[in-house]
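Each chain gets a letter, A, B and so on, in the order the sequences are listed, and its residues count up from 1.
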Amino acid sequence: MKINQINDFIYEISSEENKNMLVPARFYAHPSQIETLKKDDSLKQLTNVATLPGIVGYSLAMPDIHQGYGFPIGGVAAFDADEGIISPGGVGYDINCGIRLNLTNWNKVEIQKILGSIVNDIYNSIPLGAGKGSLIKINKNEFEKLVTEGIDWAIKNGFATEKEKEHIEDKGKLIVKDLNGVSDKAIERGISEIGSLGSGNHFIEIGYVSEIFDKELGSNLGLFKNQVVVWIHTGSRGYGHQICSDFAKEYQTVSKKYGIQLVDRGLACAPFKSKEGQEYYYSMNSAANFAFVNRQLIAHKIMEILENYSKKVKPLKFELFYDLAHNIAKLETHIVKGKKKQLVVHRKGATRSFPAKYIKGEFANIGQPVLVPGSMGTSSYILLGSENSLELSFGSSCHGAGRVKSRSQAKSEIDPRKLKESLEREGIIIKTSSLSSLSEEAPDAYKDVETVVEVVNNLRITKPLAKLKPLAVIKG
DNA sequence: ATGTAC
């Protein structure tokens with residue numbers, strides 16, 4: 001495969017590479033990442049996406065790109081809403097896998113003595129791992145309301161506030177016209193897991209603000225140095241997983257029906273405006289609503305736990321900084337060749353990063369927050385959508401460090417006991433129900449988050465706001 | 001990612 005370097009951080013693969021490609025592939029990366037990128041199928045997958053009907057501009061990827069199911073993770077693909085497709089493989093199995101950052105008014109010194117106890121309380125209160133139950137019990141009728149109304153359901157039921165809603169991407173509610181595409185099986189799995197973390201790379205982290213790059217803006221947004229924060233990384237659990245499975249299977253024949261040639265079964269898709277396309281779209285949106293509520297319920301529970309320690313620290317303020325989706329397809333208006341166009345923007349392991357003047361609400365004139373969690377034990381970043389993001393990536397940035405080792409490779413090469421010990425030597429508390437799965441999330445299994453962030457900031461897709469470090473990590 | 005295999 002011929003990779004053309006356009007400048008320091010922009011690389012392209014020509015559409016001549018493969019006769020089925022409709023547009024070139026383009027990825028944003030650091031020169032030091034290129035050799036590693038050639039080792040898995042991620043670039044091949046990136047060119048495969050360029051063969052799908054209605055793709056606009058480029059098949060794109062962020063510097064945290066790695067191999068996924070059909071579409072690469074870290075990929076961004078925009079399709080013409082009238083003539084293009086929607087694909088479950090372009091979103092991923094964990095629909096609205098996303099990340100949330102809550103701020104407290106406590107500093108890290110104040111919680112030193114009670115941190116271990118807080119970690120135990122969280123560990124014992126939130127269902128962690130696969131199939132470990134839910135935080136609330138609701139019936140099918142109520143569940144259907146929950147996935148249709150998203151955060152509005154959480155507000156009605158006392159789990160969220162109007163203020164929090166303003167700090168959630170799309171206000172925590174994506175349009176669901178009907179649930180015709182949602183199987184009973186998906187609903188059963190969802191009911192039993194609402195308010196649960198899951199496993200894999202999902203985590204709860206207690207961290208602190210270590211550096212604020214724009215001091216005035218940081219202060220205006222409620223950040224201060226050494227501030228204790230809570231990260232929650234999870235998604236739509238078995239509900240989204242079942243929806244993705246159902247459609248990935250059904251779409252094998254649906255793609256054929258519409259005469260779409262697939263170079264990989266993971267690219268299965270339907271025309272966005274078709275009956276099948278719309279069914280997936282609303283089902284996917286309902287899973288996104290599930291995930292927004294899921295993270296909200298977990299955050300609400302953690303707030304209750306922290307409040308119990310108020311007497312030992314000081315009265316708690318627990319505020320949502322931002323909650324976002326990094327596995328989702330969104331119907332958005334973009335300028336294509338000087339004209340407004342409705343596009344279905346698939347972000348699979350990519351974060352929306354609209355610049356200051358294109359967003360409304362709390363972050364208008366500031367830029368959309370881009371939360372970039374590093375791998376376990378490493379730094380994380382708060383970035384803000386910046387001026388080149390629409391032009392370079394349909395308003396998208398990176399979502400994390402990105403894997404360099406497959407789960408199985410990491411498991412066979414990294415001793416989880418030694419890993420836990422080395423993280424604890426650095427002063428980070430690690431609490432997990434599955435020591436063996438820790439290896440899969442080892443820092444060595446991931447790219448360097450600093451390099452990833454350097455690329456998107458240099459391209460002015462985003463700009464840096466703050467850097468954060470971990471104090472404790474709780475995992476399934 | 002996942003009641004971690006239709």
Notebook entry, point to check: Parallel, tilted or perpendicular for A/Phe159 and A/His300, by the 30°/60° rule?
Noted result: perpendicular

What is the distance, to the nearest angstrom, from the [atom1] atom on [X] to the [atom2] atom on [N]?
X: A/Ile243; N: B/dT2; atom1: CD1; atom2: P; value: 14 Å
X: A/Asn96; N: B/dT2; atom1: CG; atom2: P; value: 13 Å
X: A/Tyr93; N: B/dT4; atom1: OH; atom2: P; value: 14 Å
X: A/Phe290; N: B/dT2; atom1: CZ; atom2: P; value: 10 Å
X: A/Tyr69; N: B/dT4; atom1: OH; atom2: C1'; value: 16 Å
X: A/Gln252; N: B/dC6; atom1: CD; atom2: C1'; value: 14 Å
X: A/Glu440; N: B/dT4; atom1: CD; atom2: C1'; value: 10 Å
X: A/Leu197; N: B/dT4; atom1: CG; atom2: P; value: 18 Å

Answer with yes or no whether the side chains of [Y] and [X] bring together a donor and an acceptor at under 3.5 Å.
X: A/Tyr239; Y: A/Ser286; value: yes
X: A/Glu169; Y: A/Tyr322; value: no
X: A/Asn289; Y: A/Lys173; value: no

Note to self: B/dT2, OP1 or OP2 - any side-chain N/O from A/Ser245 closer than 4.0 Å?
What the structure shows: no

Notebook entry, point to check: Listed in order of residue number, which residues of residues 400-413 of chain A have a non-hydrogen atom at under 4.0 Å from DNA chain B?
Noted result: A/Arg407

Next item on the list: Assign A/Lys249 to base, sugar-phosphate, or nothing according to its heavy-atom contacts below 4.0 angstrom with the strands shown.
Entry: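 Touches nothing.
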
Check: Which part of the nucleic acid, if any, lies within contact of A/Gly200, taking any heavy atom under 4.0 Å across all strands shown: a base, the sugar-phosphate backbone alone, or nothing?
Finding: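 Result for A/Gly200 = sugar-phosphate.
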
Notebook entry, point to check: Given side chains that start at C-beta, do those of A/Gln45 and A/His66 come closer than 4.5 Å, heavy atoms only?
Noted result: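 Not touching, per the 4.5 Å side-chain cut-off.
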
Check: Is the closest side-chain heavy-atom distance between A/Asn285 and A/Phe290 below 4.5 Å?
Finding: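 Not touching, per the 4.5 Å side-chain cut-off.
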
Show me, pair by pair, the donor-acceptor contacts under 3.5 angstrom made by side chains of residues 46-54 of chain A, not counting sequence neighbours?
residue	atom	partner	partner atom	Å
A/Thr47	OG1	A/Lys44	O	2.7
A/Thr51	OG1	A/Asn48	O	2.6

